[in-house]
Amino acid sequence: MPNLMELKYQVSNEDFTRAGEASSDVKKKLKQLGVSPDVIRRVAIALYEGEINMVIHAYGGEITVTISEEQITMTLADRGPGIPDIDKAMQAGFSTAPDNVRNLGFGAGMGLPNMKKNSDTIDISTEIGVGTTVVMTINL
Amino acid sequence: MDNSYDNSVYLLENQCKGCTNCIKHCPTQAIRVRNNKAVITKNKCIDCGECIRICPHHAKKAKRDFIDAIKQYKYTVALPAPSLYAQVNHLDDVNIILTGIKKLGFDDVFEVSAAAEIISEKSREYIAENRDKWPVISTACPTVVRLVQVRFPNLVDNLLPLITPAELAAKLARQIAMDETGLKSEEIGIFFLSPCPSKVTAAKNPIGYEKSDIDHVLAIKDIYPALISAMTEVAANPEDLVRSGKIGISWGITGGEAAGLLSDSYVAADGIGNVISVLEDLEDDKFNKDLEFIELNACNGGCVGGVMTVENPFAAKAKLQHIRKYLPVTAPHDEVDDDKTTWTSDVEYEPVFELADNLKESMAKMAQIDALCEEFPGLDCGCCGAPTCKALAEDIVRGVAKKRDCIHILREYINKLSDDISIISGD
């Protein structure tokens, strides 16, 4: 499809200071595309939270962002440990983050709740020991 | 796209060698070298002064006024920025510098730091009453305001909607002058002594209000030599002109404005690169929800680091600390109505970096840019006149550059041509 754009990012857990590079690049591109500021804000927050989650819990993965005239779809796929209890993970404040991560100001237990709050749809498929795929959409 | 925005930084064509220093240092990629001369795109320029600082040939200048403009008026008032006090050694009494300024030919002086203390008070009230706008972003640095306006649409609502201390000083000084002399407003000249070009722009093209009360903006560095001599003459017997204290004078250095809020819940950052990274993080919600205020200054060290100052910003900071020692925390000020200090017009986002005005066309252009980037060597050498390969690709897609502006593509093309010629000539 000609008016569909796809952006791919490899997220690595090797360097924590690089977490957020994908969301920041997407944000820059959306501004150039002239997407409305409110949508940009929601995409940036949802994607950044997801990216951080991939680095902390899943040792990296791949982010694919597709943009059509109707919506932005963000797919975050990892081969991490999986989420044992999605309902619990979705609760605001629930966190499994280790202390070294909390000391950096992360791990407040707002990751998934923030992703949900900022997207129009969110779908999580997860399998213990195999990985997690989160698909979020935001309507334009 | 709106090109009406008029910035203050400009090029002295005959001094420009067409090198790549400025294009590499411009934080908004507003400069290109075309036909061996730098060209500034006005609506992308935020008047930060980085190109003035970096140009080895002194080919970048800031538009400003000069002191002979005082002849146009019957009565003149100088408004010294607090950063001016930080330019001189061993200043124990601010009255000496203020009396020295008068001696340059002004009828009166009104300290910007006095108005700053009023703005500090108004800021405290605004922050307390507008929790939904936290963190409130300082608007004292016009470069920061312009940067938010063109690049951070989601942060426009966080801007502190108050006029700058210099602007309030101009209003108050004009009123005092009219009351004392009985002259008409147009017979009175208000002169701001500024550390930077962005404050020149703010007086010409204010953001947040219609018209500035500042008539002329002079550069600190231009009046400096005459001021030093004038100060020596008046040092023994200065007039009593000081109207501000520690809080107002501290606005000249980073952290000063924030300290005037009397709260610990703030972030204070300076240097244009740091300012951009704080704004990026703020846009991504990375700061705590209970953070009240963000002070941002485009120049290193704050206003003392402005390109129209003389002293090294760090030495200047030490000097300001020395002067502060002798002052009360704040001076008493008359009550000023909120409508005198509050912005009167909305700040609208200006998407100067958009590729096209609709999504479909923008996406097509972005795809072309990505395809072009694949062809370029990715060295970001700047020889084409654009700061990066990606910027050249954007220029090509916008129709203002061509592929063979890239010297590497051009070399390949010439090699191919010479191969073709040797085939034709049967070598």
Side-chain angles (χ1 to χ4, degrees), chain A residues 1-8 16-17 19-52 65-72 92-93 102 104-108 110-111 113-115 117-118 138-140, chain B residues 1 27-29 44 147-159 267 273 276-291 347-371 373 388 390-391 393-395 397-398:
Chain A
M1 271 189 285
N3 54 1
L4 192 84
M5 175 166 259
E6 187 179 89
L7 309 165
K8 271 193 189 299
F16 203 85
T17 58
E21 276 185 2
S23 47
S24 133
D25 189 68
V26 170
K27 188 170 79 173
K28 202 186 276 172
K29 288 207 155 75
L30 294 181
K31 280 184 186 175
Q32 278 195 308
L33 290 175
V35 169
S36 82
D38 180 56
V39 169
I40 295 175
R41 189 182 59 81
R42 290 163 61 206
V43 169
I45 295 171
L47 205 53
Y48 179 70
E49 294 284 7
E51 199 177 343
I52 290 289
V65 179
T66 57
I67 307 158
S68 76
E69 284 191 89
E70 291 79 36
Q71 65 177 17
I72 296 173
R102 281 176 185 260
L104 286 168
F106 298 97
M110 293 307 292
N114 256 341
M115 287 159 73
K117 191 176 117 193
N118 284 290
I138 292 178
N139 298 330
L140 292 178
Chain B
M1 202 70 65
T28 56
Q29 299 197 330
K44 287 187 183 167
L147 180 65
V148 169
Q149 188 182 28
V150 296
R151 209 169 135 175
F152 297 95
N154 283 308
L155 301 178
V156 169
D157 279 349
N158 296 72
L159 291 171
V267 163
I276 291 171
S277 75
V278 167
L279 291 171
E280 290 282 357
D281 284 358
L282 185 57
E283 198 176 44
D284 296 349
D285 258 359
K286 290 186 198 169
F287 287 98
N288 286 337
K289 299 274 179 248
D290 53 1
L291 182 67
V347 175
E348 304 270 344
Y349 170 48
E350 281 182 32
V352 300
F353 299 99
E354 265 180 27
L355 292 171
D357 49 20
N358 70 75
L359 185 64
K360 208 170 163 179
E361 209 181 309
S362 297
M363 281 206 271
K365 284 189 173 172
M366 195 172 278
Q368 289 173 40
I369 290 169
D370 289 345
C373 284
T388 60
K390 185 153 188 278
E394 281 179 32
D395 289 350
V397 169
R398 287 180 202 270

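Any value given below was found using the heavy atoms of this structure, including those in side chains, with hydrogens, waters and symmetry copies removed. The structure displayed is predicted, hence computed values, not measured ones. Residue numbering restarts at 1 for every chain, and letters A, B, ... go by the order of the sequence lines.
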Q) Quick one: does NZ or CZ of A:Lys31 land under 6.0 Å from the six-membered ring centre of B:Phe152, within 45 degrees of the ring axis? A) yes

Q) Taking all non-hydrogen atoms of both residues, which atom of A:Asp38 and which atom of B:Asn154 are closest, and how far apart? A) N-OD1, 3.8 Å

**Q.** Between CG on residue B:Leu359 and CG on residue A:Leu30, distance to nearest 0.5 Å
**A.** 9.0 Å

Q.
Below 4.5 Å, heavy-atom pairs only: which of B:Glu283, B:Glu361, B:Met366, B:Arg151 has the largest tally toward chain A?
A. B:Met366

Q. So which part of B:Lys286 gets closer than 4.5 Å to some heavy atom of chain A, the side chain, the backbone, both or neither?
A. side chain

Q. From B:Asn358 CG over to A:Glu69 CD, what is the distance, rounded to the nearest 0.5 angstrom?
A. 7.5 Å

Q. Could A:Lys27 and B:Asp284 be called an ion pair, given the rule that one side-chain N must be under 4.0 Å from one carboxylate O?
A. yes

Q) Among A:Val35, A:Leu33, A:Ile67, which residue meets the side chain to side chain contact (heavy atoms under 4.5 Å, CB included) test with B:Ser362? A) A:Leu33

**Q.** Engaged part of A:Leu47 at the chain B interface, taking heavy atoms whose separation is under 4.5 Å
**A.** neither

Q. So how far is it from A:Gln32 CD to B:Glu394 CD, rounded to the nearest 0.5 Å?
A. 4.5 Å

Q. Can you tell me if CD on B:Glu348 sees more than 12 non-hydrogen neighbours from other groups inside 6.0 Å?
A. no

